[in-house]
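Here is the structure we will look at, set down as structure tokens.
To find a chain, count down the sequence lines: A is the first, B the second, and so on, and within it residues start at 1. Every value quoted in this text rests on a predicted model; they were computed, and no experiment measured them. Every heavy atom of this structure was used, including side-chain atoms; hydrogens, water molecules and symmetry mates were not.
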Amino acid sequence: MDSSPKIGVFLCTCGHMMNDYFDTRALLASAAKEPGVSSVDECGFLCTKSGLEWLKIKIARSGCERVVIAGCSPHQHELKFRQAIEEAGLNRSLMTIANLREGCVWVCRDKKECLPKAERMLKAAIHRVALAKPVDMVQARMSSSALIIGAGESGVRIALELHRLGIQPLLIDSQPRPEGEREAFLPTPCTILGNGGSSSGQDTGGQRHDFSALVKELSHKKIELLTSTEVREVAGGVGAFRVVLDTQGRERLVEVGSIVVASGSRLEDGANLAKLGSYSRIVSLGRLQKMIEAEPERLERMMITAERRAKHVCFILGGDGPQGEKSLVAPFVKRASIMALNQAILLRRRFKAEVAIVASDIIVCGTGLEDLYRLARQSGVLFFRTPESRPPQVSLEKGVIKVRVYDSALADCIRESASGEDDGGYPILIQADLLALEDEVLPSLGTETLQSILRVDLAGISSFYQGNIHLKPNLSNRRGVFVVGSCHGVEDGGEMLNDIRSVAMAVFSLLSRPNLAVEQKVVINTDKCALCLTCIRTCPHRAIEFGEVKAGQKWGARVIPQACQGCGICAGECPAKAIEMVQYSDDQIFSELTL
Amino acid sequence: MDFTPAIVAFCCENSAYRAADTAGARQEGYPSNISICRLPCSGKLEVIHILKAFEEGADGVFVFACHPDSCRFLLGNVRAGKRIEHTAALLEKIGIEKERLRFFYLSELEWTQFLDLVRQGNESIKSLGPSPIKVKP
Amino acid sequence: MIVAEQKDIAEIIPMTEGYQNILVIGCDTCVTVCLAGGAKEVAILACSLRLAARARGKKVQVDEISIERQCEKEFVDSLQSTVRGHDLLISMGCGIGVQTIAEQFPNLAVVPALNTKLLGLPERQGVWVERCQACGQCILDKTGGICPISRCSKSLLNGPCGGSQNGKCEINKEIDCGWHLIYERLKSLGRLGCLEEIMPAKDWSRSRNGGPRKVIREDMCL
């Protein structure tokens with residue numbers, strides 16, 4: 001029936017620029033000879049408003065059923081043209097663009113080459129469009145609710161934010177009560193400066209005295225919070241995830257439009273701490289922070305050793321830090337830098353201690369951080385920079401912590417005035433009463449199980465997917481599953497708030513409409529499907545699931561159109577050739593290969 | 001003997017296709033005998049597409065994928081890489097030099113590399129001569 | 001599921017020597033699921049053979065088709081009109097498929113494109129492991145659902161041999177000791193007592209040792 005659809009070929013000469021390269025009439029004449037071509041025409045500016053109107057009129061008049069547009073790259077105006085042909089009454093996929101501008105006239109060195117190449121490209125496009133199939137639009141129901149996993153600070157905050165935007169949040173936590181402590185995030189510099197009495201700012205991090213107020217706000221707003229609850233199973237896709245929750249053995253099925261992971265992180269002693277940490281005067285940055293806030297008297301006692309009156313504190317960051325290479329990763333260096341600077345200033349001011357920071361790298365990028373560094377210097381904190389190849393050496397000698405340091409900047413001047421005593425290449429000796437070392441930020445316990453249930457991927461330094469240049473940091477590989485807070489990286493209070501707002505906006509923009517019109521980009525022919533599960537296993541976005549295709553019928557694989565992102569990996573893997581990408585069918589690809 | 005090889009370049013629309021566009025827009029020029037075939041992801045490329053290209057008379061096939069760890073679809077480029085390796089071995093046994101199939105990682109911004117790769121690739125296919133499929137009757 | 005793997009193309013090409021009209025036949029069941037002989041692989045093999053012939057200066061016609069199950073005469077019979085004009089059939093089915101086709105088309109040469117490997121399951125995408133050897137006398141009830149015939153390298157019936165170390169088999173450190181698995185499984189079921197029962201020597205005549213086997217279900221026979 002569809003044997004020879006009428007094809008209209010429209011050449012856009014890009015403001016008659018193409019006329020300089022080849023005879024457009026000759027090109028169109030050769031195109032007109034191709035089977036199925038019913039009309040050919042050219043236009044100066046197809047991408048303009050009047051050009052698009054012209055296109056619509058031409059399509060209507062010529063009665064063509066398929067459209068080839070020869071002009072610039074599809075990356076320029078493809079959407080615009082698809083919309084136009086849709087308005088002209090054709091299905092949006094019944095169009096192919098021949099990229100004559102970026103792909104031909106601007107490529108050929110010799111103008112004589114242009115016409116034959118353009119002819120070849122146009123012919124391929126005509127053959128391709130002849131095989132085009134209409135793409136179905138599906139109305140996907142989007143439930144305006146979100147499941148938030150983890151009632152730490154980021155989880156509670158995003159629940160409130162989503163509630164404000166009209167999304168119904170359901171907050172769950174595996175623990176019996178919400179805990180703000182779970183987030184290993186950073187004190188904001190303004191908080192520290194505020195503590196120092198110089199400036200005041202919005203208190204977002206570091207201090208958790210307002211966490212209980214946040215939790216109270218949850219109940220005011222009637223936001224449901226399920227404690228001692230874990231996720232057992234997740235099916236479906238964005239807009240309609242079917243999640244089985246388990247509250248101490250009682251199962252409950254909920255349907256949510258989106259899932260936000262806010263599972264937080266935990267702190268562990270790094271390798272260095274594990275080696276030396278049994279000595280009571282060697283502590284982690286996290287431990288020191290708590291002691292400054294909550295146990296100042298104890299800290300005071302710890303810093304005073306019998307022999308000496310001055311209190312000496314030394315920080316070692318990076319290089320020889322917790323996990324060798326890991327401590328060189330920027331977010332961790334930044335976390336250690338901020339923690340140490342903050343604590344150093346407080347130790348100077350409140351405890352009148354002598355403070356030295358030995359580091360291979362310090363990162364102070366971020367609002368207020370330069371100030372923090374300057375403040376530390378002004379208050380008399382000493383900084384030593386060690387090359388990564390010569391990390392500081394720590395030893396315990398008769399209850400005294402000795403840190404031997406090679407500073408790359410000071411090395412030469414010290415060498416000259418050296419007393420001749422053998423220092424083993426580490427000329428600076430710091431005798432410390434208290435030594436603070438980096439600790440490790442790790443994903444919360446149970447994160448791995450959660451990932452396998454959610455079917456999102458592990459990646460790099462952070463526990464959830466992040467870092468791919470094509471993906472934004474809050475996205476996971478599964479559309480509709482977002483990641484927020486310290487479970488995907490270390491951040492300070494301000495960064496966390498930004499993080500929360502951007503995820504909240506992303507959830508909102510996804511779920512704000514009850515229905516979402518999506519293209520059915522991939523079609524599975526269930527008659528051919530052997531149910532080998534290859535597509536389900538290889539789909540990077542978990543957009544294919546299996547089950548009864550129609551109630552009571554044989555099982556088959558089916559695509560969740562709103563979760564599908566159109567990569568075609570499933571079609572490439574299917575051993576039964578049962579999966580077809582509507583706009584990239586095998587036949588269409590083959591038609592382009594005719595040389 | 002001057003020989004112009006027919007070359008198909010499969011390009012991922014998220015990276016190499018855009019790089020090719022930029023290369024075109026800069027009007028630096030690259031061999032016009034290279035036909036670009038746009039794919040949604042290099043992971044969509046199947047063995048049969050490459051074989052068909054040779055059957056249809058290609059002297060060389062280039063495949064461009066996003067750099068490792070930056071596939072928009074996470075693992076399409078990795079799958080493509082493995083598939084190309086498999087196909088190259090297959091071609092060799094069929095009697096087509098495996099050097100006729102080239103695989104490159106490229107990002108959207110690397111248009112100068114795109115130019116270098118297609119120019120060099122074109123020369124290397126030229127030096128291989130016409131595909132054995134075409135030479136014999 | 002029957003698991004097969006494709007023969008090296010270098011082994012298949014010589015099989016087609018001297019034939020002009022070749023039909024490659026795929027099977028939509030087990031070998032599609034184990035990614036060895038479905039429609040996709042049929043297309044690749046057919047194209048490879050055409051290219052190989054042309055690279056050698058020859059011209060052959062290679063057609064392709066895939067059928068529901070090569071191990072059923074009725075399905076194979078449906079190929080009657082398709083095979084007409086072909087002088088070589090390449091089966092991408094398991095060994096059963098190749099033989100069914102050979103039986104149904106006695107005047108045509110039939111060659112296999114696959115090596116039939118095992119009865120098993122996919123451990124993960126792209127990896128298949130053996131689980132059954134069709135010994136004809138299942139004892140899984142006594143071994144906690146783990147088969148010592150297929151999972152013990154020696155198919156022992158009464159406990160592991162002396163080569164079992166740290167749960168691994170002596171022939172290869174990658175292979176789990178089948179009997180170790182059985183022990184752990186029975187232990188977790190609280191049924192270690194099962195192991196006290198000595199299994200008598202197995203009647204291997206009901207396996208391959210008794211010659212070609214046959215299953216007859218009298219009530220189903222017409």
- request: Give, for atom CD1 of C:Ile96 and atom CD1 of C:Ile101, the distance between the pair rounded to the nearest 0.5 Å.
  value: 12.0 Å
message: Quick check on C:Ile13 against chain B: is it the side chain, the backbone, both or neither that has a heavy atom closer than 4.5 Å?
response: side chain
task: Check the pair C:Ile67, C:Val76 against side-chain contact (heavy atoms from CB on, under 4.5 Å), reporting the backbone distance first and the verdict last.
output: CA-CA 8 Å; C:Ile67 60 170; C:Val76 174; 4.1 Å; yes
query: Any cation-pi pair here, C:Arg69 with C:Phe75, using under 6.0 Å and within 45°?
result: no
Contact origin within B:Glu46 toward chain C - heavy atom pairs under 4.5 Å: side chain
query: Side chain, backbone, both or neither: which part of B:Ile96 has an atom under 4.5 Å from a heavy atom of chain C?
result: side chain
message: So C:Glu170 and C:Cys161, do their side chains get closer than 4.5 Å, heavy atoms only?
response: yes
